[in-house]
Amino acid sequence: MTDVSTTASLPPIVDREAFEAENDTLRVREKAHTHEGDAIAAARRRLPMVEVDPDTELIGPNGPLTLLDAFEGRRQLIAYYFMWHPGHPAAEQCQGCTWCNTHVSELSYLHSRDITYAVFCQGPYDESRRYADFMGWTMPWYSAVDSLDTLLVGRVIGRMHLVCYVRDGDRVFETWWTTVRGVEVMDNSYSLMDLTVYGRQETHEDSPEGWPQDWEPGGLTANGRPISHWSRLEAGRNDDLTADH
């Protein structure tokens with residue numbers, strides 16, 4: 001058995017009755033948080049929408065296609081706008097976007113509700129597609145780099161965005177969007193970390209004195225790379241993003 005370090009502080013030890021009483025008190029707040037999330041989702045379903053040009057061009061594996069094509073015939077579309085650093089190696093691509101999309105693996109549940117999920121990369125198709133292949137991602141992948149002024153009107157191009165669309169026949173409408181910490185909705189690692197006694201172990205967290213906080217906010221890299229790269233490299237995958245790799 002591995003010897004686990006006990007240098008970090010620990011919560012006070014109590015008996016089972018006291019432990020359950022404290023959990024019950026917190027559970028009231030957890031339930032209220034869940035109900036507020038339900039109420040926010042209900043309000044989101046009542047937002048107005050804005051029309052978007054369905055012929056806005058994307059680039060995919062077979063060349064140009066339209067925003068409408070990206071729905072793949074389904075009624076709704078969730079598009080993740082992936083940050084991209086053209087010409088940079090895999091190790092220098094966006095740690096946050098890598099983190100978000102590494103959590104997207106099983107799409108059948110979305111498809112069952114008539115929803116397509118796709119990545120709209122803010123960089124060139126061929127280079128970024130090689131990154132997706134290195135990561136082993138199987139979701140639809142497109143370049144939106146030539147249409148960002150249209151698709152992200154009023155927003156900061158080059159920042160991560162999560163955008164929802166609905167179509168009515170051949171007409172396309174944007175219904176909601178978020179950015180920065182809003183994209184944490186895609187993650188389950190942070191959600192699970194938040195359940196543990198030490199949380200995310202990041203310096204911004206409100207934790208008791210002596211709790212480990214060795215990670216900076218959004219600490220998603222290790223040894224100079226997004227954390228999820230290492231298992232791919234150990235498996236022998238090629239992370240060269242150049243055309244002649």
Side-chain angles (χ1 to χ4, degrees), residues 50-90 92-94 96-153 155 157-179 183 186 226 228 232 237-245:
V50 61
E51 191 160 11
V52 182
D53 183 356
D55 294 323
T56 302
E57 185 175 279
L58 306 170
I59 303 296
N62 300 313
L65 71 157
T66 67
L67 175 62
L68 182 62
D69 294 330
F71 279 74
E72 296 184 337
R74 299 184 182 92
R75 185 73 186 274
Q76 299 182 84
L77 170 67
I78 300 173
Y80 183 95
Y81 286 79
F82 199 108
M83 296 169 60
W84 192 256
H85 306 296
H88 288 235
E92 297 177 8
Q93 295 304 330
C94 180
C97 295
T98 301
W99 155 70
C100 285
N101 284 280
T102 300
H103 288 87
V104 180
S105 56
E106 181 58 61
L107 298 177
S108 63
Y109 295 104
L110 292 175
H111 294 172
S112 74
R113 303 304 197 271
D114 213 16
I115 302 167
T116 292
Y117 177 87
V119 170
F120 287 9
C121 188
Q122 299 179 66
Y125 178 79
D126 290 340
E127 185 180 61
S128 65
R129 178 69 255 183
R130 285 188 281 272
Y131 187 75
D133 290 342
F134 163 63
M135 292 302 299
W137 295 330
T138 58
M139 74 281 282
W141 188 278
Y142 308 110
S143 170
V145 67
D146 293 329
S147 299
L148 294 174
D149 288 338
T150 298
L151 292 168
L152 293 180
V153 61
R155 284 158 282 195
I157 293 172
R159 179 181 290 173
M160 60 179 68
H161 297 280
L162 191 63
V163 183
C164 291
Y165 302 93
V166 67
R167 70 182 182 92
D168 183 16
D170 290 340
R171 299 176 71 188
V172 173
F173 302 88
E174 184 179 331
T175 62
W176 176 84
W177 69 276
T178 191
T179 187
V183 301
M186 299 177 61
S228 54
R232 275 78 175 173
R237 293 185 186 172
N238 189 337
D239 73 340
D240 186 350
L241 305 184
T242 59
D244 57 357
H245 82 290

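Throughout, numbering of the chain's residues begins at 1 and tracks the sequence.
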Query raised in the report: Do the side-chain N and O atoms of Tyr81 and Thr179 include a donor-acceptor pair separated by under 3.5 angstrom?
Result: no

Report task. For the pair Tyr80 and Val104, evaluate side-chain contact (heavy atoms from CB on, under 4.5 Å) and give the outcome as yes or no after the intermediate values. Result -> CA-CA 11 Å; Tyr80 183 95; Val104 180; over 6 Å; no

Query raised in the report: Between the main-chain N or O of His85 and the side-chain N or O of Gln93, is there a donor-acceptor pair closer than 3.5 Å?
Result: yes

Requested in this report: Considering non-hydrogen atoms only, spot the tightest contact between Thr98 and Pro226 and give its length.
Outcome: CG2-CB, 4.0 Å

Query - Between OG1 on residue Thr116 and CG on residue Leu110, distance to nearest 0.5 Å - result: 8.5 Å

Query raised in the report: Roughly how far, to the nearest 0.5 Å, is the OG atom of Ser147 from the OH atom of Tyr142?
Result: 14.0 Å

Query raised in the report: What pair of heavy atoms forms the shortest contact from Phe173 to Asp168, and how long is it?
Result: CE1-CB, 4.1 Å

**Report entry** Qualifying residue for side chain to side chain contact (heavy atoms under 4.5 Å, CB included) with Phe120, from Leu148, Leu67, Leu152
**Finding:** Leu67

Query raised in the report: Got Leu107 and Pro140 here, is their nearest side-chain heavy-atom distance under 4.5 Å?
Result: yes

Report summary line: Distance col, row Leu68:CG vs Asp53:CG, nearest 0.5 angstrom, shows 10.0 Å

Requested in this report: Could you tell me the separation between the CG atom of Leu77 and the CG atom of Asp114, rounded to the nearest 0.5 Å?
Outcome: 11.5 Å

**Report entry** Residue pair Trp84 / Val145, side-chain heavy-atom distance below 4.5 Å
**Finding:** no

**Report entry** side-chain contact (heavy atoms from CB on, under 4.5 Å) assessment of Tyr109 paired with Ile115
**Finding:** CA-CA 9 Å; Tyr109 295 104; Ile115 302 167; over 6 Å; no

Query raised in the report: Does some side-chain heavy atom of Thr102 sit less than 4.5 Å from a side-chain heavy atom of Arg232?
Result: yes

Query raised in the report: Backbone N or O of Tyr117 within a donor-acceptor pair of the Arg74 side chain at under 3.5 Å?
Result: no

Query raised in the report: Donor-acceptor pair, Ser143 side chain versus Gly123 backbone, under 3.5 Å?
Result: yes

Query raised in the report: Nearest heavy-atom pair of Pro64 and Ile59: which atoms, and what distance?
Result: CA-CD1, 3.9 Å

Query raised in the report: Is any side-chain heavy atom of Met139 less than 4.5 Å from a side-chain heavy atom of Asn101?
Result: yes

Query raised in the report: Would you call Arg130 and Asp126 a salt bridge, taking side-chain N to carboxylate O under 4.0 Å as the test?
Result: no

Requested in this report: Would you mind reporting whether Tyr125 and Pro61 have side-chain heavy atoms less than 4.5 Å apart?
Outcome: yes

Requested in this report: Walk me through it: do Arg155 and Val163 pass the test side-chain contact (heavy atoms from CB on, under 4.5 Å)?
Outcome: CA-CA 12 Å; Arg155 284 158 282 195; Val163 183; 4.1 Å; yes

Report summary line: On a heavy-atom basis, the closest approach of Pro54 and Thr66 is O-CB, 3.4 Å

Requested in this report: Could you tell me whether a side-chain N or O of Gln122 sits under 3.5 Å from a main-chain N or O of Gly158, the two making a donor and an acceptor?
Outcome: yes

Query - Shortest non-hydrogen contact from Ser108 toward Glu106 - result: OG-OE2, 2.7 Å

Query raised in the report: Going by heavy atoms in the side chains, are Phe82 and Ser128 under 4.5 Å from each other?
Result: no

Query raised in the report: Is any side-chain heavy atom of Leu151 closer than 4.5 Å to a side-chain heavy atom of Leu58?
Result: yes

Query raised in the report: What orientation do Tyr131 and Phe134 show, parallel under 30°, tilted 30 to 60°, or perpendicular over 60°?
Result: tilted

Report summary line: dist Cys94:SG -> Met160:CE (nearest 0.5 Å) comes out at 4.0 Å

Query - Results of salt bridge (charged side-chain N to carboxylate O under 4.0 Å, His left out) for Glu127 - residues two or more places apart only - result: none

Requested in this report: For His161 and Arg159, work out which heavy atoms get closest and say how close.
Outcome: CD2-O, 2.9 Å

Query - Separation of Cys97 SG from Met186 CE (nearest 0.5 Å) - result: 8.5 Å

Query raised in the report: Where does the angle between the aromatic ring planes of Trp137 and Trp141 fall among parallel (under 30°), tilted (30 to 60°) and perpendicular (over 60°)?
Result: parallel

